[in-house]
Every structure is written in C-alpha cells, then in structure tokens.
Amino acid sequence: MAISGLYIDGAWREADREFEVTNPASGEVIATVSDGNQAHAEYAIQAASAAFKSWSQSTAYARAAILNKAYGLMLERKEELANLMTREQGKPLKAANNEVQYAADFLRWFAEEAVRNYGETIPSARADQRFIVRHEPVGVVAAITPWNYPISMLTRKLAPALAAGCTVVLKPAEATPLCAIEVFKILIEAGVPKGVINLVTFSKPKPIGEVFCSHPAIRKITFTGSTAVGKKLAQDAAPYLKRVSMELGGHAPFIVFDDADPVHAAKGASLVKFLNTGQACISPNRIFVQRKMLDPFIETLAQRIASMRTGNGLDPSNSIGPLVNQAAVSKVANQVDDALSKGAELVTGGHALNDGEFAGGHFYAPTLLNKVTEDMLIYREETFGPIAAVIPFDDQDEVIEKANDTHYGLAAYIYTQNLSRAMRTFEALNFGIVGINDINPTSAAAPFGGMKESGLGREGAREGMAEYLETKLGGFSV
Ligand code: NAP
C-alpha cells in the first residue's frame, strides 16, 4: 500500500497511481508514494484558499506558538529524520543531522519574526493627512522544492509563509517525498489548522507547475531548483503577474590568494566542495588558486580527499555519499572526461564506483582536477558532484573578472589574510553570498539568495518574511 503524500484540506488522501522512492546508495525501493494529478493540485489550492481568511486573521502570537511547537518536535525527532534523509537522499548521517538542525532553525527564527511584522507611520506634507503602512500576507502560496536539501528547503519556505499568515500548497521533489511527509506530520501535530498547509506529491512535475502558475487563487510561486525550471515557471507566472521567489543554481568561485594559509584554505575547500557529495547550490565549482600557493594547496587538498571514505551514508565512517541518480553520475563523468581531453591534470579520482559495496548505488569517486581552463564544460556548467576543479591565476583583477564571468551569482568564497584585499574582493564579486575565510555563510538569520540567473528574492532573515508580505498604504484625511 502506497504511503499518502497528498495531505489536502486536513486529511491524507489516496490516489489511483503511485511511484517508487529508492535509496540512491543501493537502488533499493524504500517506499511507494501516492502519485497525484492536476485535480489534486486544484483541490489543494481550493482548500488553501478557503483556509486563508481565518489563518491570515489569526494573531501572529498564535501562529508563532505553532511554529515554536514544530521547532521542538523537529528537534525531538532529529535522529529519526536524519536517518530517513540518509536513506532517501543519501547524504551521510552527520550531514543529515546538521540539515535537520538548520531546518528547525527556520521554524524558530520565523516564529520570532511573526510577531515583529511591524508597519510604519509616515509624516504627510498635509496637516490634515496621516499615512499608515501595514504588511499583509500575499495570499495562497505555491511552493516547489528540490531533493538535495529535502527538509530545510521546505521549512525555509513554510515557516516564513505561515508566520506571515499565508496558506500553502507544496510540491516536494519526486526523489524525496518521504522527508516532506514527515515535515508535514510535524506541522500538523504542532497545530497548523486544516487547509492551511497542503502537500501534493507527483511523479510528473510539469502539469502541476502549469496549474500553480495559471490558477487565479495562487498569488505567489516560491521555487528552489534549477535555473532552467525556475525560468520556465517565472515565464508561465508572468501573464498573471504572480509574485515569484526563485532560489536557483550556482557556480561558486572559491578564490585562494597567495597570502592565505594554503592548509586552512584547502581544508575549507575540501569541506564545502564535498558537502552533500557536491550536490549543493553553494558548492564551489571553480577553485581559483594564486600560482604561488598552487603546490601546497593541491598537496593538502589531495591528502584530505585521500582520507575521505565514500559509501552508504548510514555507515558513520563514510563522509561521501552517493549522487542522486545515474544521470547525475553521467553528467559528472562527462565533465571530467571533457576536462581531461582538453588538458586538465587528474590528481585523484576521475571514475565512477560501481562494484562491491557500490553496486546498485550512484557513486563517483571524489576527484581533484588541476589546470582547468575556460574552454572546459566544468568551467561553465553547474557540476553538482564531487569534483574539485582548480584553476591557477596570477593577479587580483584577473581573478575577479574570471570569477564574475558566469551567468550565475549565488555564492563565492575568498581566502586571504589581507583585510583590504578581502574587502575589495568582497565588494567586487557579483554574488549574493560571500564567505570570507569562511565556508558556511548561512543561517536562518542571514539572507540567502542569488544575483543574476541564480535567483530572485531572498530566503531566511527579515528578507525571507518580506517575500510573503504585501505593503498596504492607508492615507487618512483627518
Ligand atoms: P529541478 O530539476 O529544477 O527540480 C526542482 C523541483 O522542481 C522539483 O520538485 C522538481 O520536480 C520540480 N520541477 C521540475 N520541472 C518542473 C516543471 N516544469 N514545473 C514545475 N516543477 C518542476 O532541480 P533539482 O535537480 O531538484 O535541484 C537541483 C538544483 O536546485 C540545482 O541547480 C541547485 O543549484 C538548485 N538549488 C538551489 C538552491 C538555492 O537556494 N539557490 C538550493 C538547493 C538547490 P521533480 O523532482 O518531480 O522533477
């Protein structure tokens, strides 16, 4: 019997069809989940519309109390959720635990923000006039989330939407519906009323995206995923002038200047590059190393890679898990083969892992490429895999120009001990998030999002709540 992933109007619904969820480390089917259709999406939108009036008029304190309760429940279930995430998505248990904590942080942060949705009074030039500004929830929100962070990408949208007083219909990635179902169970147990949150699992996303974009009751689309799909959704929503938030792909530069400590920089690069097996939007795609630093940097990074164990994330000795599917393995292999054919040097890795404990899973060996050049695919295409691509450079202006030479603009990293250089490079980079001698510039309290084709809008922080609010002006003649 399929697990229901259709939580609509306060009840788990059945569907005529189902789809399989597999463990990417073994290929084993771990569950079957109900496969919805456009009628389920429409039903969910109706339920969210019907619930909007009472939810948006509930007090911010009532909504905050529910989010706080959900925060507590998520932490109580941290291990259980992390275990499920590792089986469904593949990341090692330690990383899965970290993700659950990050996901819970959004519930708490936006519980706190809910009660700080302040308005403004503005002085008028007329003695008989008063201006008042208030911020109201935008309405029913359609949310679409990816598989790589299958819990935190949900709470990063649900928590601010609920805090603001919006109701939501959410479609999770086909690869990770089980994590989404558990997030919904927590919110339901915390007391989110009927119709306020609706979950719809589908194996075919396109028709559902069409319903979300064209249905008149949806006032906002919030999407995290690839730039190609984000552009399509933004285009489809445009004729209806729906608000959109887009958290899209990245191609992060990681710049190591010659005054940095090469060992510290290589440690940072190894931790952030191989996080989630490279399947992160903020993963460094191009590691620029100033020529004087190249040898010690490569040597340290190669040593660190040699000490990483790849395998099933349930085994705590493994720090590198599988890729999401075979297509992801092929994409990575294609980028590596292309780079090698154009003259890159293979320092370590460079092959898929198929035999023995890897059979049935989607594994690729952690790989280090040196002397990557601009004509290689990996220099332009998001990799989303465990490949560290190193590009030597000579001076600061050159590296800034190269770093900015991409249509993406999500994350960037700088390693230097020179304060002036750090500040100037930070200011010159066209990226929404910049880590300076820091590989984790993310927090529920900090605005996350990209420039250029990496997105529109921000998640987390005060900005994250503003995405779900309209501004209303009252001009009073007194
Ligand atoms: P994706 O293929 O764009 O899918 C994302 C979500 O969109 C999934 O739920 C997917 O459903 C759905 N989808 C696909 N085509 C659709 C359509 N035509 N209409 C409506 N929905 C559609 O991306 P992904 O492979 O899951 O995620 C990886 C990408 O996400 C990378 O580019 C990564 O950089 C980006 N990402 C960005 C951030 C950020 O904050 N900027 C965070 C995480 C990931 P199915 O699963 O059923 O295909």
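Computed from a prediction, not measured in an experiment: that's the story for all the values here. Ligands are counted one by one from 1 in listed order, and the atoms in each one are counted from 1 as well.
- Residue Glu174 places at least one N or O, backbone or side chain, under 3.5 Å from an N or O of ligand 1.
- For the pair Lys171 and ligand 1, the shortest N or O to N or O distance falls below 3.5 Å.
- An N or O contact shorter than 3.5 Å links Thr145 to ligand 1 by distance.
- At a 3.5 angstrom cut-off on N or O pairs, Lys206 does not count as close to ligand 1.
- Closest protein heavy atom to atom 16 (C) of ligand 1: Val229 CG1, 3.5 Å.
- For Phe106 and Tyr71, the ring centers are positioned 6.0 Å apart or more.
- At least one heavy atom of Leu248 lies less than 4.0 angstrom from ligand 1.
- The distance criterion of under 3.5 Å between nitrogen or oxygen atoms is not met by Ser203 with respect to ligand 1.
- Salt bridge absent: Asp337 and Lys342 never bring a charged side-chain N and a carboxylate O closer than 4.0 Å.
- Contact annotation for atom 48 (O) of ligand 1: protein present (non-hydrogen atoms, distance under 4.0 Å).
- Heavy atoms of Glu382 come nearer than 4.0 angstrom to ligand 1 in at least one pair.
- No salt bridge links Arg87 with Glu28; every basic N to acidic carboxylate O contact stays at or beyond 4.0 Å.
- Ranking the protein heavy atoms by distance from atom 27 (O) of ligand 1 puts Pro146 CB, 3.5 Å first.
- With a heavy-atom cut-off of 4.0 Å, Phe212 does not touch ligand 1 at all.
- For a threshold of 3.5 Å applied to N or O pairs, the pair formed by Ser226 and ligand 1 contains at least one separation below that value.
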